[in-house]
Amino acid sequence: MHAIGVDIGGTKIAVGVVDDEGRIVAKTRRKTQPEDAASIDSAIADAVAELSRDYEFTSIGLAAAGFVSSDRERVLFAPNIAWREYPLAQRVREAIGRDDLTVVVENDANAAGWAEFAFGPAREASSLIMLTIGTGLGAAIISDGKLVRGSEGFAAELGHVRVVPGGHACGCGLKGCWEQYASGSALVREAKRAAHERPVRAAGLLRLVGGNPDDITGPHVTQIAEDGDDLGIELLTDLGRWIGEGAASLAAALDPEMYVVGGGVVAAGDMILTPARDAYREHLPAASHRTIAPIVAASMGNDAGIVGAAELARLDLDGNRIDAGA
């Protein structure tokens, strides 16, 4: 059984044909213009037309960064794309010109989380929290084998749980959100600040960027840490601890069986995951009287959005098959 998964980014889309074992058997990409919503619809239709020459399918899942309506039809708001109450599923269906298609919209973190749950390290679990640590902090919650979407589709925006009252300003309009401390952007902010305020200690980092702190990126921090640089190790350790402390707080409310951590920072591996695990154990309520949920790295990389969106397009909101496939 084949389905199409579409991972929609700010300036490009990745589209793949996915079989029922979670394998991508064909893939293509298109550039898009985030300020022009119609260009995204057209790009998806064009990519689907290319893939349909060799594969048959009746369902398409669209993984979108933003707030998705509970009926999986609309993007209510997206921070980086011109979607406001946008009927994405309908527009894509019209652009493709096939009334027989099942087209559903899923939050991109939900799609990634479902891929790891269905085909990755969490496939033996019944509940998990997926954390995608990239520019921001995305999340997915799966409980008793079902995605937790909430009454309006806004659930699992864990990056906007406030952890520091009056803390750093967040793009959501609030201050002190978790993603301001546990994200790639937070890592880069702290690295740049260290380079400005402690240039001697940041000498290794500054060498990588020709002496300009404003050119520092997350991979630069990982690189110097892998080379044994004290500042790089400190920065990654701090990020890991923020991840672990937040995960421990979530355990009080959700008690997941497992945490899966994905996103660009996973390239740092145990330099982030080990301090995350340590902080989780230290801050977990009643830690000596409960099982310590493992914190593991995601396995599907950049393909998770495609795979998860395709698989979710085969399922209704209750997790039942709606597509017999081809």
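These figures come from a predicted structure and were not determined experimentally. Worth knowing before you read on, the calculation uses all heavy atoms, side chains too, and leaves out hydrogens, waters and symmetry mates.
Ion pairing of Lys146 with Asp144 is absent here, as no side-chain N (NZ or NE/NH1/NH2) approaches a carboxylate O to less than 4.0 Å. A salt bridge does not link Arg241 to Asp278: none of the charged side-chain nitrogens sits closer than 4.0 Å to a carboxylate oxygen. Between Glu50 and Arg30 there is a salt bridge, with a side-chain nitrogen of the basic residue lying less than 4.0 Å from a carboxylate oxygen of the acidic one. Ion pair Arg123/Glu311 not flagged as a salt bridge, since none of the NZ, NE, NH1 or NH2 atoms sits closer than 4.0 Å to an Asp/Glu carboxylate oxygen. For the pair Arg277 and Glu282, the salt-bridge criterion is not met [side-chain N within less than 4.0 Å of a carboxylate O].
Cation-pi geometry between Arg84 and Phe67 is not met: the NZ or CZ atom fails to fall both under 6.0 Å from the ring centre and inside 45° of the normal. For Arg91 and Tyr86, the positive end sits near the middle of the six-membered ring, less than 6.0 Å away and at most 45° from its axis.
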*Between Glu157 and Arg149, does a salt bridge (Lys or Arg N to Asp or Glu O under 4.0 Å) hold up when you go through it step by step?*
CA-CA 10 Å; Glu157 289 291 339; Arg149 293 185 171 90; over 6 Å; no
_Steps toward side-chain contact (heavy atoms from CB on, under 4.5 Å) verdict (Val75, Val105)_ = CA-CA 8 Å; Val75 182; Val105 186; 4.0 Å; yes
_Derivation and outcome, side-chain contact (heavy atoms from CB on, under 4.5 Å), residues Gln223 and Leu208_ = CA-CA 9 Å; Gln223 181 178 338; Leu208 289 180; 3.4 Å; yes
*Where do Ser69 and Leu76 land on the side-chain contact (heavy atoms from CB on, under 4.5 Å) test, with the steps shown first?*
CA-CA 6 Å; Ser69 63; Leu76 304 177; 4.1 Å; yes
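Taking 4.5 Å as the limit, every side-chain heavy atom of Leu137 sits out of range of all side-chain heavy atoms of Thr132. Counting heavy atoms from C-beta on, the side chains of Ile8 and Trp83 come closer than 4.5 Å. Using a 4.5 Å heavy-atom threshold, the side chains of Val307 and Ile24 count as touching. Annotation: side chain of Ile224 is not in contact with side chain of Leu235 (no heavy-atom distance under 4.5 Å). Taking the side chain as every heavy atom from C-beta outward, Leu158 and Ile141 approach each other to under 4.5 Å. With a 4.5 Å cut-off on side-chain heavy atoms, Ile129 and Leu250 count as touching. A 4.5 Å side-chain heavy-atom check between Thr237 and Pro275 finds at least one atom pair inside the cut-off.
Shown here is Asn302, whose CG atom has no more than 12 heavy atoms of other residues, nucleotides or ligands within 6.0 Å. Atom CG of Asp99 is surrounded by 12 or fewer heavy atoms from other residues, nucleotides or ligands within 6.0 Å. Shown here is Arg207, whose CZ atom has no more than 12 heavy atoms of other residues, nucleotides or ligands within 6.0 Å.
Judged by distance alone, the side chain of Ser42 and the main-chain N or O of Ser39 form no donor-acceptor pair under 3.5 Å. At least one donor-acceptor pair under 3.5 Å links the side chain of Arg189 to the backbone N or O of Gln180. Using modelled atom types, no side-chain atom of Glu106 and backbone atom of Leu62 make a donor-acceptor pair closer than 3.5 Å. Asp270 contributes no side-chain N or O that, together with a main-chain N or O of Thr274, makes up a donor-acceptor pair within less than 3.5 Å.
Taking CG of Asp238 as the reference point, atom CD1 of Ile243 lies at 11.0 Å (rounded to 0.5 Å).
For Ser126 and Glu257, the side-chain atoms include at least one donor-acceptor pair closer than 3.5 Å.
Taking both residues in full, the closest heavy atoms of Val260 and Ala122 are given as CG2-CB, 4.1 Å, listed atom of the first, atom of the second, then distance. Taking every heavy atom of both residues into account, Ser127 and Ser143 meet most closely at CB-CA, 4.1 Å.
Residue Leu273 is tested with Val261, Leu236, Val266 for a side-chain contact (heavy atoms from CB on, under 4.5 Å); the sole match is Val261.
Not less than 6.0 angstrom separates the ring centroid of Phe57 from the ring centroid of His2.
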